Every structure is written in C-alpha cells, then in structure tokens.
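Along the sequence shown, the residues carry numbers beginning at 1. All values derive from a computational prediction rather than experimental measurement.
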Amino acid sequence: MTAFAMAIDATFEDPNHGEDAIWRSGGTGPGLPVRILRLSPEAIIGMGDNRYDLDAMLISVRLSEVPFPAVGDQVDILDEMGVLAETVEVTSLARIDMRRLVRTCGVSPLAPDDPDDEP
C-alpha cells in the first residue's frame with residue numbers, strides 16, 4: 001500500500017472527517033457498510049445581472065469499498081450512534097481522483113416517508 005493510499009484511508013477512518021453509511025446499489029438490497037466523506041460546496045453563479053446561490057451536496061467513497069457507484073444508488077448516512085440520519089440518492093458521478101482511489105458523487109436528499117400523508 002502506498003503512502004498516498006494510507007493517507008486516504010486515514011482520512012476516511014478519522015471520526016472528524018469520515019462517516020458511516022450503508023450503500024445500496026440501485027437503491028435496493030441489504031446494502032454494504034462503507035465510510036464516506038460528505039462535502040457541501042457552495043457556489044454563486046451569475047446569469048446576466050442576477051446572482052444565484054447554488055447549494056450542492058457531494059459525497060466521496062473509496063473505490064475499494066464501492067468499485068462501481070452509479071446514478072440511482074442510495075446511501076443511508078448514519079449518525080454517531082449508528083442510527084439512520086439521512087438517505088441520499090446518487091444523482092451524478094462527479095470525478096475519480098488521479099490515483100483512482102476515490103469517487104466523488106453528486107447526491108440529493110430523499111424525502112422521508114411520512115405516515116400521515118395520504119395518497
């Protein structure tokens with residue numbers, strides 16, 4: 001294992017950076033326990049004289065844990081106690097790092113099921 005790969009693993013395993021999650025390929029099945037990094041970049045874009053605040057949510061996952069992340073995969077992000085905190089869906093595949101160790105994915109939160117909602 002290279003020093004770079006060891007540094008990546010240390011970042012994912014650090015409780016101040018990495019988070020526990022369950023990765024569900026295609027949004028189904030029992031899922032695979034993984035560690036993710038959550039990124040929330042903000043950008044301000046301009047169109048003509050208007051400016052818009054663009055919020056995005058990105059997560060990074062090690063390709064050693066999820067070799068083929070895909071649009072439509074769902075990720076259950078767990079809190080410190082291992083309880084489901086949020087579910088997101090992969091909406092885009094942003095990039096793979098130059099050493100092909102980490103994939104960054106664009107995600108969107110899924111609305112929780114509300115038992116009070118009627119069809």
side-chain contact (heavy atoms from CB on, under 4.5 Å) between Val102 and Ile8, worked out
CA-CA 8 Å; Val102 176; Ile8 292 289; 3.7 Å; yes
Please tell me whether Val34 and Val88 are part of a single hydrophobic cluster in this structure, the criterion being side-chain heavy atoms less than 4.5 Å apart.
yes
Set out, in order, the CA-CA distance, both residues' side-chain angles and the distance that settles side-chain contact (heavy atoms from CB on, under 4.5 Å) for Leu101 and Phe4, then state yes or no.
CA-CA 10 Å; Leu101 299 173; Phe4 187 79; 3.6 Å; yes
Tightest non-hydrogen contact, residues Leu93 and Cys105, listed as CD2-SG, 3.8 Å
So, taking the atom named CG in Asp76 and the one named OG1 in Thr87, what distance separates them when rounded to the nearest 0.5 Å?
4.0 Å
Is Thr28 reaching over with its side chain to a backbone N or O of Arg24, donor-acceptor style, under 3.5 angstrom?
no
Rounded distance [0.5 Å steps], CD in Glu19 versus CD in Glu80:
8.0 Å
Spell out, as yes or no, whether a donor-acceptor pair under 3.5 Å connects the side chain of Asp73 to the backbone of Gly26.
yes
Which atom of Ala21 lies closest to which atom of Ile77, heavy atoms considered
CB-CA, 4.2 Å
The complete set of side-chain hydrogen bond (donor to acceptor under 3.5 Å, both in side chains) pairs with one or both residues in residues 90-107, sequence neighbours excluded, reads Ser60-Thr104
Kindly work out whether a path of hydrophobic side-chain contacts (I/L/V/M/F/W/Y, heavy atoms less than 4.5 Å apart) joins Val75 to Leu37.
no
Assess whether a salt bridge exists between Arg35 and Asp9, defined as any Lys/Arg side-chain N lying under 4.0 Å from an Asp/Glu carboxylate O.
no
Could you check if a side-chain atom of Pro30 sits within less than 4.5 angstrom of a side-chain atom of Ile22, using non-hydrogen atoms only?
no
Say whether Ile36 and Leu32 are linked into one hydrophobic cluster, either directly or through other cluster members, by side-chain heavy-atom distances under 4.5 angstrom.
yes
In this structure, would Met57 and Val61 fall into the same cluster of hydrophobic residues linked by side-chain contacts under 4.5 Å?
yes
Can you check side-chain contact (heavy atoms from CB on, under 4.5 Å) on Phe12 and Arg62, steps first, answer last?
CA-CA 8 Å; Phe12 274 86; Arg62 290 178 283 195; 3.6 Å; yes
Applying the 4.5 Å side-chain criterion to the ILVMFWY set and letting contacts propagate, would Trp23 and Val107 be lumped into a single cluster?
yes
Step through the shown structure and confirm whether more than 12 heavy atoms of other residues, nucleotides or ligands are within 6.0 Å of CD on Glu13.
yes
